[in-house]
4 protein chains.
Amino acid sequence: MEERIELQIRTDLAMEARELYQEEKKQEIQGVAVEQEDIKDVTITRVEVLNDEAAKIMGKPKGSYITLESGALRRADADLKDEVSQLLAKELRALVGNKRHIKALVVGLGNWNVTPDALGPKVVSKVFVTRHLFQFYKKDKDDDLAEISAVSPGVMGTTGVETGEIIKGIVDNVRPDIVIAVDALASRKMERVNATIQISNTGISPGSGLGNKRKALNQENLGVPVIAIGVPTVVDAATMTNDTISMVIEAFTRQSNKGTEFYKMLQELKDDEKYSLIREILEPYNANVMVTPKDIDEVVLNLSQIIANGINIALHPGIDLKDVNRYIH
Amino acid sequence: MEERIELQIRTDLAMEARELYQEEKKQEIQGVAVEQEDIKDVTITRVEVLNDEAAKIMGKPKGSYITLESGALRRADADLKDEVSQLLAKELRALVGNKRHIKALVVGLGNWNVTPDALGPKVVSKVFVTRHLFQFYKKDKDDDLAEISAVSPGVMGTTGVETGEIIKGIVDNVRPDIVIAVDALASRKMERVNATIQISNTGISPGSGLGNKRKALNQENLGVPVIAIGVPTVVDAATMTNDTISMVIEAFTRQSNKGTEFYKMLQELKDDEKYSLIREILEPYNANVMVTPKDIDEVVLNLSQIIANGINIALHPGIDLKDVNRYIH
Amino acid sequence: MEERIELQIRTDLAMEARELYQEEKKQEIQGVAVEQEDIKDVTITRVEVLNDEAAKIMGKPKGSYITLESGALRRADADLKDEVSQLLAKELRALVGNKRHIKALVVGLGNWNVTPDALGPKVVSKVFVTRHLFQFYKKDKDDDLAEISAVSPGVMGTTGVETGEIIKGIVDNVRPDIVIAVDALASRKMERVNATIQISNTGISPGSGLGNKRKALNQENLGVPVIAIGVPTVVDAATMTNDTISMVIEAFTRQSNKGTEFYKMLQELKDDEKYSLIREILEPYNANVMVTPKDIDEVVLNLSQIIANGINIALHPGIDLKDVNRYIH
Amino acid sequence: MEERIELQIRTDLAMEARELYQEEKKQEIQGVAVEQEDIKDVTITRVEVLNDEAAKIMGKPKGSYITLESGALRRADADLKDEVSQLLAKELRALVGNKRHIKALVVGLGNWNVTPDALGPKVVSKVFVTRHLFQFYKKDKDDDLAEISAVSPGVMGTTGVETGEIIKGIVDNVRPDIVIAVDALASRKMERVNATIQISNTGISPGSGLGNKRKALNQENLGVPVIAIGVPTVVDAATMTNDTISMVIEAFTRQSNKGTEFYKMLQELKDDEKYSLIREILEPYNANVMVTPKDIDEVVLNLSQIIANGINIALHPGIDLKDVNRYIH
């Protein structure tokens, strides 16, 4: 997640990027296919970004973005957790390509010491790693276990190195078939925070800010496919402020008569003016604040278990839900 | 700090309660004396609530409220930290009454596991406790050391007991001359978060919500004077939203002509309407969110050291700044 | 657990106290009844100390001491964990007396910040507390839920107050029917560490050392029955050294001929001489060391879950194993 | 530190390897130069392993091993801490070769979640990293700051990858002039635990066990010089047991007459027999135990500050003791 200091509406979720476009333009983006499915308490949205133009509009690379959503995720309901782990495993397996004998490197992005950013490292701590056992027993493949390694490289502010460079080095030495990168995200809506898991096959850009030329974790840079798993754990203060301003304007609009000076003014309020308002409001906050649920510690713990279980079930052929609940922690 | 679910402008700082009144009424509260002093980088504001009427307006009990403010507090400047520790010790000593041979119980309010709420327990972990040594050596007084005990009782959500009841029980058994309670507070302005320390001789009410009839930690309930030390570490989402709405209205007001329908509407916007807007905006957030700096972990650590040093210097006659920096952690 | 600086063989387990006597005297203690039961992988030993003389020999008050033992406890086997939680709940319920509408205070003894001593506070963090809900809804009893409160008072070295005094104060204010105190213990055998849970109805003495006149948590001092739950998480270095010396002597004895000078010397080696040897060996260690498994962090986490589940099932009539595994964390 | 399951006397300290040889052979190792210096409360021992034969006897590669020892290190004496940081910086600078414009990668070996093994990661968290700033400002050198990066790669049991492979990958991408690796060590004497800092220019082997073919962090494998900084934080249980046996034998020897059967037996006791005794004693302990001070949490924190300060002063030309104490945390 790292530092994000820009004052603009940020979303790491493809479904929100599409939503933003729709809200503004009142139409679907050309070159984006969307399908939705409800399985019990979970809504699965599959967004396919099909061409470069759509990618540019979305601000997201071409590829598949799958979102599992359930408000119930925030509660400690073990049945739902199991269900989501299995749905996640299924989607993950489809993206990985149902290969056997996989060698995967799981990367936990983010900062251990900042609770809403610790999701990635927490998932890594619960992934069942086996690569050292393959090496020790000089095995190349196994019918029950995939060859899994896992690292939490830290963030640029504490390592002095771009996360992409560290992972590149490890990938070059460990030579996995695939990288699975887990990160905490920012959402534009608090209702999605801790209630949404996004999986994509397009990689991920750790952090932003500081010159914006951060090296992405993707196939182009690492030489192997990169699947990203992300959960929004915060809303940017800028986003929340922007939403507030929009709602105030909307409320005024409802209360004023069409055709009046005021009504026209509200309609004509430009994005520039909105941004300068946001800037003015957030300046004393240094822009370096986040909006986050008060029980964030517990929720991040829950989610990391769900995601680690999903990864363990998806990658290891011989491991199922019963195993992850009973023998792996 | 505990759960705060109400949708209203909350401030735990006496100087902000006064500020709010002034902003609305454009006048000073009758029965409130204020004086300000600048010592190097630190601004000291002393608010005296003199009578019951002023107390009612302020929403704060009669008594002294001293605020040390310095934006530099957020930086890791050891010289400033030392300076603030000494200023805090001086104010604290004045409130305690410059007695010798003090027996004090330091109480760390708040939840260890929620970073912005962990200030109190973190301070307690750095206070130099001695009561067990007095007991062991069967001493009643000492020229260098005060008789200090310290507890972090937890919060009602995790103990099932009102913090006031727990502390009452401990005070009845430990029999201190005075209680010093340390808590994380909410501010209405982000610029005060982690930049302000409030000391008062009026006690403190841990948490709110859930029926609002929480037992205060004060002389009336505990039977001994209670000095409260608090640092704002979060801004309530409701407060931030309210500020945003106010700034939007103000911006519109500047841009519209006096006498127009719109101008009038803005002027007449009632608090009720504002509150219903805030409620509408925060509803999807469950109201259970907080706005907090991203480096909150580090800042809480710094502040807990400053406050613990201040307490150690103020209470133990034979301990000075050099000692706390070198031999006590 | 707190500081233990004495150089003697320490055990907190009644079954070990009895074992020590048997090893030395080759006979059972008069006034001690023992029965053993094996239920799947768990061995249950029930030691009843029947009279004052037996209590003096054992160094343990009169009463019931029940030990659940299973080497498998150290592994992350969820089935076994469930089984032990239920066995623990059953024994606990028998000691509590199968009353309905219980008001219990659960006390987590020990130091959060020292891993092998954090068992008690970790259990407390997983107990389902309800007392505040009873108060809020002004209910006096409920058919599904007991009225539970829970505190982790810290240790004397960090509070300056004897734990017994703190708990006395809380009991006087909270007025539970019963106290359940959970603590990390020391064993004399590493094979029992993290593989044994002792329950007793005789209370507990938190820590020792510093004058040895520590106030016990028991019915006499608190005015209500005290059930103690303890798990050995360390072996004292003194104990381990003593065991080593005994094994060396035994090995030499086996290798030497009866009747020789050496054989006689080994037989006549007095406890005094052994103790002076232990002292000599441990002196450079400052006596302030502990012997503990390398994966102590994980094991303490597992055990705290098992014990908290056992307490939750035993006390709340409407909560069973399915609930604790699925909805309570 | 990782898993160490072998039953033999282990020491990571060169001075102890030499000591062991001397105790047994009553002579100095050929090809080892030793000098000692006392500076106030600190004893500096410089061991130079000069040729391959000496290296084989010592079980340590050729090179320089410098040990700073002070029992006072365990106390929270800020003056001593400053003194040791400066002595460490001086020795470090000498090993680095007093170059300007250094690019260094600091590696924290060990496991964050096991207190006595967390020294390396804790040091890394306090090192002043700058590489990202050099990159951002497109600077190649600076007169006040060295170009520092820092990582804590985790241990093989949690990553599935040999630490050496991970570091190799990072070194290949980050291209530092030098690697400084910090690790927690095992000592054979408790009196050295947390009282000793060893610096060497020969690299380090993270962990052992599991086939013993672990890749060392050294110039041969990484392509750049590797300086190792280590602090013993535990004594292996095997070592402690061995010491106990030796002391028992010595005590018996003192008490028995020369020429007796027993005296002869004691003299002739072979290492094999001793080892089988150790094995027998430690078997129920699973060999997977450690002996460690009870206040290990605090001591590791102190030591990590001392070492990080030493590294910060040694590498950054413009940073001195005053800066690290006041502005860097």
Side-chain angles (χ1 to χ4, degrees), chain B residues 2-3 103-108 111-113 121-122 124-138 145-176 207 209-215 221-222, chain C residues 2-3 103-108 111-113 121-122 124-138 145-176 207 209-215 221-222:
Chain B
E2 296 196 29
E3 321 80 13
K103 298 179 207 282
L105 170 68
V106 182
V107 176
N111 188 341
W112 258 116
N113 297 316
K122 281 221 165 72
V124 155
S125 75
K126 297 177 204 300
V127 164
F128 182 40
V129 299
T130 56
R131 186 175 179 273
H132 56 316
L133 305 173
F134 278 79
Q135 305 251 311
F136 181 63
Y137 293 108
K138 298 184 203 307
L145 296 176
E147 185 186 307
I148 307 300
S149 49
V151 288
S152 294
V155 294
M156 198 173 70
T158 63
T159 63
V161 187
E162 275 210 41
T163 305
E165 289 180 89
I166 294 179
I167 298 306
K168 176 82 174 103
I170 297 173
V171 166
D172 288 350
N173 271 268
V174 168
R175 305 202 163 278
L210 265 182
N212 289 316
K213 49 181 182 48
R214 309 288 291 280
K215 200 174 255 175
N221 288 330
L222 298 184
Chain C
E2 294 194 30
E3 320 81 15
K103 298 180 207 281
L105 170 67
V106 182
V107 176
N111 188 340
W112 258 116
N113 297 317
K122 280 219 165 71
V124 156
S125 75
K126 296 176 205 304
V127 163
F128 182 40
V129 299
T130 56
R131 186 175 179 273
H132 56 315
L133 304 174
F134 278 79
Q135 304 252 310
F136 181 62
Y137 294 109
K138 298 185 201 309
L145 296 176
E147 187 187 306
I148 307 300
S149 49
V151 289
S152 293
V155 294
M156 199 172 69
T158 63
T159 63
V161 186
E162 276 210 41
T163 305
E165 289 180 90
I166 294 179
I167 298 305
K168 176 83 174 104
I170 296 173
V171 166
D172 289 350
N173 272 266
V174 169
R175 305 201 161 280
L210 265 183
N212 289 317
K213 50 179 180 45
R214 310 289 291 279
K215 199 174 255 173
N221 288 330
L222 298 185

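All chains are named by letter (A, B, ...) in the order of the sequence lines, taking the proteins before the strands, and each is independently numbered beginning at 1. On a predicted model such as this, the values are computed, not experimentally measured, just so you know. Hydrogens, waters and symmetry mates are skipped; everything else that's a heavy atom, side chains included, is used.
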Might you work through the side-chain contact (heavy atoms from CB on, under 4.5 Å) test for B:V151 and C:I166, ending with a clear yes or no?
CA-CA 9 Å; B:V151 288; C:I166 294 179; 3.8 Å; yes
Looking only at B:L105, B:V161, B:I148, the option with the highest number of non-hydrogen pairs under 4.5 Å against chain C is B:V161
Roughly how far, to the nearest 0.5 Å, is OG1 of C:T159 from NE2 of B:H132?
7.5 Å
If you take all heavy atoms of C:V129 and B:G157, which pair is closest and at what distance?
CG2-O, 3.6 Å
Show your working on side-chain contact (heavy atoms from CB on, under 4.5 Å) between B:D172 and C:N173 and close with a plain yes or no.
CA-CA 10 Å; B:D172 288 350; C:N173 272 266; 4.2 Å; yes
C:E165 side, atom CD; B:Q135 side, atom CD - distance, nearest 0.5 Å
5.5 Å
